[in-house]
Amino acid sequence: MERRSLRVLTLVLSAMIVLDALAVPVILLAALAFPEGYAANVTPIANQLDVGTVIFGLLTIVVFCRWIYVAGRNLVEAGYDDLEFTPASRIWWFLVPVACLFKPFQGMRELWNASHGETHYAEGSALVATWWALWLLAGFVGYASRMFSGQPDSGTAPFWIQSAVDVPLAVVAILMLRRISDAQSQLAEPQLAEVFA
């Protein structure tokens, strides 16, 4: 199996992340800017929009998992045989209770460091740490938002708060994905030179 370029997958995933992060703020802004049009056109299909948003979010997660897997496979194909995480384990650690709070971060940090040619995989990367902190914060805020959105006086505040975390998370995630993708495209050059040296 040969290494795959992450460029197209990164571009598709980045677009999906942007759409996913901006869906709620755009809907909220439309409700503020055009209340009559919103009430007449969007309110009647609110349930379908909610379902569509959830399905698109799940699809974004699936594509993100595919990206993680391909990036991990690329490292294996590049000869990195001392990695703690397999391409698949970087994904399934997201599903393991309690461990999901730190193992996915460690897996992405290792992916970042190996992709950038670092030999110490457990050392920190500020961008990966920021992504993980925002990821955890988004999960916590999402949980709290679901709890408070059912309150009669909550209004749209929980959705604005969630969006205030989701948008920066999207920006940091896209930067991280692009930098890993760019680093992996550079990995091939030195190793090819070593083969012919």
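Everything quoted here is computed from the prediction, not taken from an experiment.
Follow the hydrophobic side-chain contacts under 4.5 Å out from I61 and you never reach Y69; the two are in separate clusters. No chain of hydrophobic side-chain contacts below 4.5 Å, direct or via other Ile, Leu, Val, Met, Phe, Trp or Tyr residues, connects W112 to W93. L101 and W92 are members of different hydrophobic clusters when ILVMFWY side chains are connected at heavy-atom separations under 4.5 Å.
Taking CZ from R109 and CG from L111, the interatomic distance works out to 12.0 Å, rounded to the nearest 0.5 Å. The CZ atom of F94 sits 5.0 Å away from the CZ atom of F64 when rounded to the nearest 0.5 Å. Remark: T60 OG1 to D20 CG distance equals 4.5 Å, nearest 0.5 Å. One distance of note links OG of S125 with CD of E118; it measures 9.5 Å at 0.5 Å rounding. Between R73 atom CZ and R4 atom CZ the span is 9.5 Å, to the nearest 0.5 Å.
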Under 3.5 Å, which donor-acceptor pairs do the side chains of residues 160-183 form with other protein atoms, sequence neighbours left out?
| residue | atom | partner | partner atom | Å |
| --- | --- | --- | --- | --- |
| W160 | NE1 | T156 | OG1 | 3.4 |
| Q162 | OE1 | G142 | N | 2.8 |
| Q162 | NE2 | A138 | O | 3.4 |
| Q162 | NE2 | D166 | OD1 | 2.8 |
| Q162 | NE2 | D166 | OD2 | 3.3 |
| S163 | OG | F159 | O | 3.0 |
| D182 | OD1 | R7 | NH1 | 3.2 |

Show which side-chain atoms of residues 29-46 pair as donor or acceptor with protein atoms under 3.5 Å away, not counting sequence neighbours.
| residue | atom | partner | partner atom | Å |
| --- | --- | --- | --- | --- |
| N41 | ND2 | G37 | O | 3.1 |
| T43 | OG1 | Y38 | O | 3.4 |

I'd like a table of donor-acceptor pairs (distance under 3.5 Å, sequence neighbours excluded) in which one partner is a side-chain atom from residues 8-19, with atom names and distances.
| residue | atom | partner | partner atom | Å |
| --- | --- | --- | --- | --- |
| T10 | OG1 | L6 | O | 2.6 |
| T10 | OG1 | W67 | NE1 | 2.8 |
| S14 | OG | T10 | O | 2.7 |

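Relative orientation of the W135 and W131 rings is tilted, given thresholds of 30° and 60° on the angle between their planes.
Evaluation of the side-chain hydrogen bond (donor to acceptor under 3.5 Å, both in side chains) rule for R66 yields no partner, not counting sequence neighbours. Residues satisfying the side-chain contact (heavy atoms from CB on, under 4.5 Å) test with V51, not counting sequence neighbours, are I55.
Contacts classified as side-chain hydrogen bond (donor to acceptor under 3.5 Å, both in side chains) and involving residues 81-90 (residues at least two apart or in different chains) are given here: D82-Y121, E84-K103, T86-S89, R90-E110.
Side chains of V24 and L28 form a contact here, defined as non-hydrogen atoms less than 4.5 Å apart. When side chains are defined from C-beta on, V76 counts as touching P87, because their heavy atoms get closer than 4.5 Å.
Side-chain atoms of Q184 do not come within 3.5 Å of backbone N or O of N74 as any donor-acceptor pair.
Atom CZ of F56 is surrounded by more than 12 heavy atoms from other residues, nucleotides or ligands within 6.0 Å.
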